[in-house]
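Bear in mind that the values here come from a model prediction, so they are computed numbers and not experimental data. Sequence lines set the chain letters: A, B, ... in the order given, protein chains first and strands last, and positions in each chain run from 1.
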Protein chains: 2
Amino acid sequence: MIRPQLRPVVIEQALAAMPCTTCGARVHSACGAIDDHDLHRLASMAHIVEAPAGRVFVREGDPADSFFNISSGTARLFKELPDGRRQIVGFVGTGHFLGLAVSDTYAFTAEAIEPVRYCRFPRAKLKDLMVDFPAMEKRLLSVAANELVAAQEQMLLLGRKTSIERVASFLLAQSVLGVPCGQPRNQLSLKMGRGDIADYLGMRIETVSRAFGRLRAEKLIELLTNTDVMILDRAALEALASDGSLAARRPSAP
Amino acid sequence: MIRPQLRPVVIEQALAAMPCTTCGARVHSACGAIDDHDLHRLASMAHIVEAPAGRVFVREGDPADSFFNISSGTARLFKELPDGRRQIVGFVGTGHFLGLAVSDTYAFTAEAIEPVRYCRFPRAKLKDLMVDFPAMEKRLLSVAANELVAAQEQMLLLGRKTSIERVASFLLAQSVLGVPCGQPRNQLSLKMGRGDIADYLGMRIETVSRAFGRLRAEKLIELLTNTDVMILDRAALEALASDGSLAARRPSAP
DNA sequence: CGGTCACTTGATCGTCTTCAATACCAGTGG
DNA sequence: CCACTGGTATTGAAGACGATCAAGTGACCG
């Protein structure tokens with residue numbers, strides 16, 4: 001474990017993660033809307049920590065005494081059943097905010113996929129800061145509301161979409177990560193493996209693999225490597241993601 | 001459609017919906033933490049509306065110009081796919097808050113199950129109020145965080161639980177609605193039909209019915225009527241809800 | 001190379017869905 | 001009082017999708 005430091009480095013990171021401030025769909029970084037003075041106060045109570053890949057840095061059920069802000073890297077957030085079944089409830093990357101849980105314990109486990117650098121804030125002190133600076137609270141509300149909308153979209157996916165629709169939806173969602181305002185990317189480099197995708201989409205790893213295979217066979221995507229995907233036919237992928245249009249012509253197209 | 005009125009009736013309702021303020025698991029009503037003066041300002045900008053059963057009062061995709069606070073009744077919130085598949089993302093009852101969506105459109109449709117009375121606030125005015133009275137914003141943040149935790153729990157259910165585990169989880173969740181601090185109720189009166197339960201749990205109506213039947217056969221519940229359920233063996237139901245213990249001894253119990 | 005690890009592919013199985021019929025319940029009118 | 005009706009729930013049988021089990025492929029690395 002790296003010794004915690006008190007440095008404003010985190011702040012530049014957070015600001016850098018906030019692109020065009022007028023865009024409603026932007027990633028809502030937790031400290032993005034804070035002015036310089038507050039940022040310094042914030043920095044003075046933040047610990048910067050680095051976690052190697054595979055490290056669990058938030059555990060479901062543990063006392064929720066801190067908030068986190070990811071400076072770099074990617075982590076998976078998941079919940080588990082006693083028998084080991086796992087559901088990934090989200091992936092978090094640069095600028096994302098963690099630890100909103102109102103209850104006194106964390107609702108999920110957070111584990112680094114690639115090496116993660118994050119800022120850790122004591123919950124109590126942040127509460128004080130929020131009293132003084134409502135902008136922080138407003139931002140947090142915005143973050144929470146955004147995540148809630150995303151969670152509801154994921155419920156639709158998990159409850160009602162077929163396996164191939166889930167993968168199509170997933171790829172499209174990944175293609176707009178970090179490009180909040182402009183054009184979505186057609187080539188993307190997934191940070192997670194098939195197993196994580198499966199646990200995120202409520203599927204088994206073999207089914208994910210077969211769905212990738214079918215999308216490739218249908219010429220909707222190209223697999224450059226295991227992790228690098230090129231979207232060849234975005235329109236068809238979008239049709240597939242929101243309804244069963246492709247599933248209808250499953251065996252062979254007319 | 002009832003003509004909107006400007007009355008503080010809503011306020012008493014909201015306060016009544018907030019039981020013991022020290023309980024972390026309480027239903028976080030939107031205006032519960034507001035003092036009298038603010039409450040009157042709030043009431044002055046609220047419209048009270050009544051919606052009969054079946055009425056849609058928020059439609060997914062419509063401009064999100066209002067917030068809502070349910071005074072009485074029950075409504076379902078759902079999202080739909082183009083081909084009609086439906087996923088209910090939640091049920092809202094007395095004291096619940098609606099319309100947090102940050103984006104400019106609603107993320108789900110809201111439809112009354114039983115007759116619903118609700119207060120409608122213009123979004124712009126509420127924003128002004130939040131600036132003056134941070135307590136309101138704090139409460140909203142609390143609401144959102146709570147709903148986020150619930151949404152993640154539902155993702156686990158939808159992605160990883162079997163049909164019977166889903167129904168067991170659902171019944172247990174229903175049994176603690178509105179009794180935030182004390183003992184959960186063992187007899188509950190469901191406000192929604194099998195179809196709504198199915199669309200909430202990501203199942204078909206027949207599968208829900210079979211799950212109820214199996215729980216009854218296993219003596220975990222008793223069906224007084226279609227809507228009134230008695231929990232006979234809460235411990236077994238809880239074991240079933242969080243893992244597959246009962247599923248393991250599926251054909252016959254020892 | 002031999003090893004590991006992740007992904008893919010194939011074959012079989014099981015749970016849930018689908019389609020269909022029946023039961024139930026409340027309301028209505030003969 | 002009871003047949004009729006519409007909506008809802010239950011039950012049964014067949015089928016499909018995804019899970020499971022098992023083998024095979026490929027990349028990376030010591």
For A/S163 and D/dG18, is the shortest distance between a side-chain N/O and OP1 or OP2 below 4.0 Å?
-> yes

Determine the minimum heavy-atom distance between B/F68 and B/F97, stating which atoms define it.
-> O-CD1, 3.3 Å

Between D/dG18 (C1') and A/I205 (CD1): distance, integer Å | 15 Å

Using distance alone, with no hydrogens and no angle criterion, decide if A/S175 and A/R234 have a side-chain donor and acceptor under 3.5 Å apart.
-> yes

To the side chain of A/N226, which of D/dA9, C/dC19, C/dT8 is closest?
-> C/dT8

For atom CG of B/L190 and atom C1' of D/dT8, their distance in whole Å | 14 Å

To the nearest angstrom, the CG-C1' distance between A/L215 and C/dT8 comes to 15 Å

When you get a sec, tell me which of D/dT11, C/dT8, D/dT20 is the closest nucleotide to the side chain of B/E206?
-> D/dT11

By nearest nucleotide on DNA chain C, pick out whichever of A/R216 and A/R160 is the more 5' one.
-> A/R216

Determine whether any donor atom in the side chain of A/R204 lies under 3.5 Å from an acceptor atom in the base of C/dT8, or the reverse, and answer yes or no.
-> no

Return the value, rounded to whole Å, for the distance between atom CZ of A/R166 and atom C1' of D/dC17.
-> 11 Å

When the distance from CZ of B/R85 to P of D/dC17 is rounded to whole Å, what number comes out?
-> 12 Å

For A/A211 and A/V167 the tightest heavy-atom approach is CB-CG2, 3.6 Å

Establish whether the base of D/dT20 is bridged to the side chain of A/R210 by a donor-acceptor pair shorter than 3.5 Å.
-> yes

Gap between atoms CE and C1', on A/M203 and D/dT20 respectively (whole Å) | 15 Å

Establish, for the pair B/R194 and B/F212, whether the NZ or CZ atom is under 6.0 angstrom from the six-membered ring centre and no further than 45 degrees off its axis.
-> yes

Salt-bridge test for B/E80 and B/R86: reply yes if a basic N is under 4.0 Å from a carboxylate O, no otherwise.
-> no

If you look at every strand shown and take non-hydrogen atoms under 4.0 Å, does B/T207 touch a base, only sugar-phosphate, or nothing?
-> base

Send over the distance from A/K161 NZ to D/dG18 P, rounded to a whole Å.
-> 14 Å

For atom CZ of B/F212 and atom P of D/dA9, their distance in whole Å = 9 Å

